[in-house]
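First comes the structure, then the notes that go with it.
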Amino acid sequence: MEPENAAKETALITGGGGYFGFRLGCALYQKGVDVILFDVVKPLQTVPEGMKFMQGDVCCLSEVEKALRDVICVFHIASYGMSGREQLNRKLIEDVNVKGTENVIQACKSMGVSSLVYTSTYNVIFGGQIIENGDESLPYLPLHLHPDHYSRTKSLAEMKVLEANGAELGNGKGVLRTCALRPAGIYGPGEQRHLPRIVSYIERGLFKFVYGDPLSLVEFVHVDNLVQAHILASEALKANKKHIAAGQAYFISDGRPVNNFEFFRPLVEGLGYKFPTCRLPLSLVYFFAFLTEVVHFLVGHVYNFQPLLTRTEVYKTGVTHYFSMEKARKELGYEPQQYSLNEVVEWFRSQGCGPKPRKYTVMHLVRDGGLLLLLIAVMAAWFPSAVTF
Ligand SMILES: NC(=O)c1ccc[n+]([C@@H]2O[C@H](COP(=O)([O-])OP(=O)(O)OC[C@H]3O[C@@H](n4cnc5c(N)ncnc54)[C@H](O)[C@@H]3O)[C@@H](O)[C@H]2O)c1
């Protein structure tokens with residue numbers, strides 16, 4: 001985005017009420033861009049004066065078209081079904097991620113929007129197989145191999161966005177240029193999706209074990225590095241950057257592969273808790289997640305509980321997969337900054353998190369006993385298949 005060139009540009013962010021979308025909106029606004037946050041729900045934070053929030057649904061074409069009047073660039077971030085119980089709502093996942101993306105593309109064409117940056121995910125390539133220093137030449141994971149519908153639909157949406165590159169704009173003013181960024185797991189202060197869930201498990205005493213190979217490596221991306229990448233990508237769709245990003249996908253992370261649990265150690269210890277020493281086999285935890293999903297499938301419509309872990313979450317956290325940042329560095333000029341989890345720890349402390357004096361009650365005894373029995377039952381069911389395997 002280059003607002004300094006004469007007239008101010010307007011960017012619209014679908015999912016602008018969410019964690020990353022809001023942060024991107026604020027950064028763009030500080031650069032002098034007019035920003036519209038488009039979302040079904042209002043942001044948790046107060047929208048700064050000058051920035052506009054528009055309530056709307058990407059599943060409704062007319063609402064998207066109405067919002068895109070006079071917009072130059074769309075950052076399509078809205079999505080559904082990434083984690084927890086949301087992962088199990090197939091219909092909504094498909095509506096938002098696939099139909100919603102088709103609507104955004106269609107609206108960009110009909111309303112003459114020239115740039116579309118799509119926020120994709122590592123998961124369009126990764127489906128539980130080991131990937132070390134992979135790059136963008138890797139093929140998409142075949143759709144039927146995705147164990148979760150979110151990743152499958154994000155993959156479909158990314159393909160549609162990249163296929164739309166070069167499409168004629170309805171107003172006869174050139175063509176649509178598109179690109180996709182594939183972030184690793186997002187973290188930062190105030191993140192709402194993964195970190196509060198992890199902290200709640202820590203606080204409720206449920207974070208009692210880690211799993212998988214201690215040498216397995218995954219990646220994360222600090223929210224502000226991802227903001228930087230999106231702004232650079234929108235610039236790289238322009239003529240003065242020879243549209244270098246047009247039709248392209250880029251992996252985006254902090255560029256520092258790390259063991260998933262070691263990444264969170266500063267958070268656990270920084271909040272004053274003990275880091276678990278018990279390590280379980282990945283296949284056992286995967287089997288447990290599978291059983292949880294089966295139970296959710298059977299009773300979810302009556303009791304929509306939050307599964308402790310889903311299968312996708314197990315391999316995302318326990319199986320090595322990390323990618324080269326070379327293409328993003330070379331073509332976008334992306335240079336990730338180094339961040340620590342200190343600001344995240346401070347944020348949770350400011351919310352009152354940390355150990356509190358608690359009595360060990362009968363309820364705790366019942367819960368811990370129940371968990372132990374459950375673990376024994378899962379191990380008993382898992383052990384024969386693991387031995388056979
Ligand atoms: N959080 C991660 O670790 C991670 C990792 C890789 C990729 N991503 C991708 O990054 C993006 C942002 O992630 P986030 O963590 O900020 O998610 P988020 O859930 O905070 O934001 C998504 C936003 O989309 C909005 N939304 C959902 N359905 C909508 C609809 N029908 N119409 C309009 N808005 C709708 C939600 O209300 C929410 O505000 C998503 O596209 C996600 O797939 C996230």
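What you are looking at is a predicted structure, and each value in this text was computed from that prediction instead of being measured. The chain is numbered in sequence order, starting from 1. Note: hydrogens, waters and symmetry copies are ignored here, and every other heavy atom, side chains too, is used. We count ligands from 1, going down the list as the structure has it; atoms in each ligand are counted the same way.
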Any idea which atoms of ligand 1 are less than 4.0 Å away from a heavy-atom of [X]?
| X | result |
| --- | --- |
| T121 | 6 (C), 7 (C) |
| G15 | 23 (C), 24 (O), 25 (C) |
| G56 | 32 (N), 33 (C) |
| V41 | 37 (O) |
| I186 | 1 (N), 2 (C), 3 (O), 4 (C), 10 (O), 44 (C) |
| D57 | 30 (C), 31 (N), 32 (N) |
| T119 | 9 (C), 10 (O), 11 (C), 41 (O) |
| K154 | 40 (C), 41 (O), 42 (C), 43 (O) |

Best match, S253, S120, S79: closest heavy atom to atom 9 (C) of ligand 1: S120
Tell me whether [X] contacts the main-chain N or O of [Y] through its side chain, where contact means a donor paired with an acceptor under 3.5 Å.
| X | Y | answer |
| --- | --- | --- |
| R177 | A239 | no |
| T14 | A78 | yes |
| S155 | S151 | no |
| E343 | L341 | no |
| D57 | C59 | yes |
| K327 | A249 | yes |

To the nearest 0.1 Å, how far is [atom] from its closest protein heavy atom, and which atom is that?
| atom | value |
| --- | --- |
| atom 20 (O) of ligand 1 | Y19 N, 3.0 Å |
| atom 29 (C) of ligand 1 | V40 CG2, 3.7 Å |
| atom 32 (N) of ligand 1 | V58 N, 3.0 Å |
| atom 39 (O) of ligand 1 | D39 OD2, 2.7 Å |
| atom 13 (O) of ligand 1 | M82 CE, 3.8 Å |
| atom 21 (O) of ligand 1 | G18 CA, 3.6 Å |
| atom 6 (C) of ligand 1 | P183 O, 3.4 Å |
| atom 19 (O) of ligand 1 | R193 NH2, 2.6 Å |

Residues in side-chain contact (heavy atoms from CB on, under 4.5 Å) contact with V218, at least two apart in sequence or another chain: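 Partners of V218 by the side-chain contact (heavy atoms from CB on, under 4.5 Å) criterion, ordered by chain and then number, come out as F220, N260, H321.
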Applying side-chain contact (heavy atoms from CB on, under 4.5 Å) to R279 and not counting sequence neighbours gives V210, P214
For [X] and ligand 1, answer yes if some heavy atom of the residue is under 4.0 Å from a ligand atom, otherwise no.
| X | value |
| --- | --- |
| Q192 | no |
| G185 | yes |
| I77 | yes |
| Y150 | yes |

Does T317 form a side-chain hydrogen bond (donor to acceptor under 3.5 Å, both in side chains) with Y211? I'd like the steps, not just the answer. CA-CA 9 Å; T317 48; Y211 50 83; 2.6 Å; yes
[X] vs [Y] side-chain heavy atoms within contact, under 4.5 Å:
| X | Y | value |
| --- | --- | --- |
| F38 | H76 | no |
| L195 | F348 | yes |
| I13 | L28 | yes |

Per-residue contact class, [X] against ligand 1 - non-hydrogen pairs under 4.0 Å:
| X | answer |
| --- | --- |
| H194 | side chain |
| V96 | side chain |
| A184 | backbone |
| Y118 | neither |
| F20 | both |

Parallel, tilted or perpendicular, as decided by the 30° and 60° cut-offs, for the rings of Y339 and H222: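 Judged by the thresholds at 30° and 60°, the geometry between H222 and Y339 is parallel.
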When you measure from the centre of the six-membered ring of Y122, is the NZ or CZ of R182 under 6.0 Å away and within 45° of the axis?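 No, a cation-pi geometry is absent between R182 and Y122.
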For D148, is there an ion pair with R311 - N to carboxylate O distance below 4.0 angstrom? no
